[in-house]
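One structure is given below, encoded as structure tokens.
Just so it is clear, the model here is predicted, and its values are computed rather than measured. Below, read A as the first sequence line, B as the second, and so on, with proteins coming before strands; counting in each chain starts at 1.
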There are 2 protein chains.
Amino acid sequence: MNTASSRTEAEREREFLANYDPHQYAPVAVTVDVAAFTIREGTLSVLLVQRAAPPYANAWCLPGGFLSPDQSGRFPDLASAAAMRLAKETGLTSEVAGADDRLARVHLEQLASYGTPRRDPRMHVISVAYVALAPDLPEPVAGEGTLAARWLPVEEAASLTLAFDHNQILADALERARGKLEYTSLATAFLPKEFTISQLRKVYEIVWGEDLTPSVFRRKVHATAGFVLATGQHTAHGGAGGGPRAVLYRAGGQALLHPAIEREATTVRRLGIDEAVSS
Amino acid sequence: MNTASSRTEAEREREFLANYDPHQYAPVAVTVDVAAFTIREGTLSVLLVQRAAPPYANAWCLPGGFLSPDQSGRFPDLASAAAMRLAKETGLTSEVAGADDRLARVHLEQLASYGTPRRDPRMHVISVAYVALAPDLPEPVAGEGTLAARWLPVEEAASLTLAFDHNQILADALERARGKLEYTSLATAFLPKEFTISQLRKVYEIVWGEDLTPSVFRRKVHATAGFVLATGQHTAHGGAGGGPRAVLYRAGGQALLHPAIEREATTVRRLGIDEAVSS
DNA sequence: AGAATAGTGTCTGTTAGACACTATTAG
DNA sequence: CTAATAGTGTCTAACAGACACTATTCT
């Protein structure tokens, strides 16, 4: 297109960048916060940390922190920053691979960004929030700058007054997680590498808080190619109160569910009658 | 919880904030970019602007800019910043209300944030991207700092090399817009206040690039209560090549579609056969 | 008149949910 | 043995897509 003037353009670009001063504008900060969910003792739980320093000292909040460069001045990308925050609080670093692959199997996805003015009293802060779905992770260890770190049942966490606007972020993250189970195969992210259909069903029941018909659920799962892959193996024992040994499956990669497995909250009436607008 | 020490805590928080220096950290910038879609001349089009200054001088990109405070030092929230960018480039300011309500009816939603290192050569920049769906808007006027502003058919826009990572943002925004038509009533955002079912169907056909069976589509729309509201009025003329006058409808508020109106790209096979994993 | 469009009705194969039923294993 | 669980099969009402059909209006 503009190849004719490309040389001078390139020069101009170089000159511009050499003279650019990033400090000339009003300061804005970016934080990355993570709403990490796991299933512990039959309950959907979220990872919270207790703040040691102001602002909101002593208050609980989602793990997170300022996006900042490493020693060599390089910034991580947003997803890496979120993964680092999570690893720090759970005490599971991805460097210790092999020893525990649970952190490697964590599903991490961006939720949304929050930038309401005065959501942070220090300065204008944009928070990029992530949602993490994880198999049963160990009890977290409080990292530097935090008094404590805990898995809390989501209802309990939502009833607390969290720092900043983290109640809002938590609510949005919960809705995202619940909704995603409907149309993706992400429920497997809550389970160990091998699992049974019953365990998979329990994930849905716990996350949604409603019971599903076992046989219907089983058919729906098998109706989506690539949701689960049979290993050919069986569990060592039958169900808790008896029953045959169940077939073990593995997660079959990311799959979109068609049709979706719907929760009741989503199953809305379809009356099909337009309300007339009186002119 | 910590009411016992709340006074001293409050004092500590005040003291901390008084001494806080926002400039002590490495600078990060936040931009807000908008992928605004509209339907012009039977084609899904996106609003692009041509950059006047480095970096990427002369290149086309999505309208957007740095998140910065106004004269009184106050930052807008992210959605307002996006709306301002859009208003500036379309020449339609929301202050001129009454004269034209089309801008007021624009649907604006957050898409995602982009923070890949070196996506901006000036410094580390996090871009919060928004998607806008708008009824047929006027030809844009180039704002300050831009050489030109145009509506471009999305295929044409996607074939250009846009500045920064805006090709990626555009692709994500397109997929968001196409997907959202499936399970929400947002298609009405592309239409004037009153419209016919055929016009609504054309929106789907244009955005998805596939034909829909008129009678099936009509039933699906009416099957979702609250999608459209009959006004009782009819169009002044029949269809282009003849036909009765169509009933006029208005958008019936935000509705979730159940069942969804699916495009072919989403209709996947459901074979229901697990591939066995060989040990 | 002819063609295109708006809108309704009908037919048929598919599917969802419910539930019966068998087989297997824990206690 | 009894109860609980894994997994399969069957029945039925509802629904999706296809398409026939009528009515209306433009050219």
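Considering only side-chain N and O atoms, B:Thr213 lies nowhere under 4.0 angstrom from the phosphate OP1 or OP2 of D:dG17.
Which of D:dT8, C:dG7, C:dA23 sits closest to the side chain of A:Arg218 comes down to D:dT8. Considering only the side chain of A:Arg245, C:dT25 comes nearest among C:dT25, D:dG9, C:dT24. Between D:dG17, C:dG9, D:dT5, one nucleotide has an atom nearer to the side chain of B:Ser215 than all others, and that is C:dG9. With C:dG7, D:dG7, C:dG17 as the choices, the nucleotide that has an atom nearest any side-chain atom of B:Ala246 turns out to be C:dG7.
When the C1' atom of C:dG17 is taken as reference, atom CD of A:Glu262 falls 13 Å away, rounded to whole Å. Nucleotide D:dA16 holds its P atom 13 Å from the NE2 atom of B:His258, rounded to whole Å. If you measure from atom NZ of A:Lys202 to atom P of D:dT5, you get 7 Å, rounded to the nearest angstrom. Following rounding to the nearest Å, A:Asp211 (CG) and D:dT5 (P) show an atom-to-atom distance of 12 Å. Between the P atom of D:dA16 and the NZ atom of B:Lys220 lies a distance of 7 Å, rounded to the nearest Å. Rounded to whole angstrom, the span from the CZ atom of A:Arg219 across to the P atom of D:dA6 amounts to 18 Å. The distance between atom NE2 of B:His222 and atom C1' of D:dG17, rounded to the nearest whole Å, is 18 Å. Per the geometry, NE2 belonging to A:His234 stands 18 Å off P belonging to D:dT5, to the nearest Å.
One finds a salt bridge joining B:Glu175 and B:Arg263 here, because a Lys/Arg side-chain nitrogen approaches an Asp/Glu carboxylate oxygen to under 4.0 Å. Salt-bridge formation is not detected for the pair A:Arg85/A:Glu89: no Lys NZ or Arg NE/NH1/NH2 atom is positioned less than 4.0 Å from an Asp or Glu carboxylate oxygen. A salt bridge between A:Arg40 and A:Glu139 is present, with a side-chain N of the basic residue lying under 4.0 Å from a carboxylate O of the acidic one.
Counting any heavy atom pair closer than 4.0 Å across all strands shown, B:Gly243 reaches a base atom. Among the atoms of the strands shown, only primed sugar atoms or phosphate atoms (P, OP1, OP2) are found under 4.0 Å from some heavy atom of A:Ser198.
Side-chain N or O atoms of B:Arg105 include one that pairs as donor or acceptor with a backbone N or O of B:Leu191 at under 3.5 Å.
Each of B:Val247 and B:Gly241 lies near DNA chain C, and the nucleotide nearest B:Gly241 is the one positioned closer to the 5' end.
Side chains of B:Asp136 and B:Thr38: a donor-acceptor N/O pair is absent below 3.5 angstrom, by distance only.
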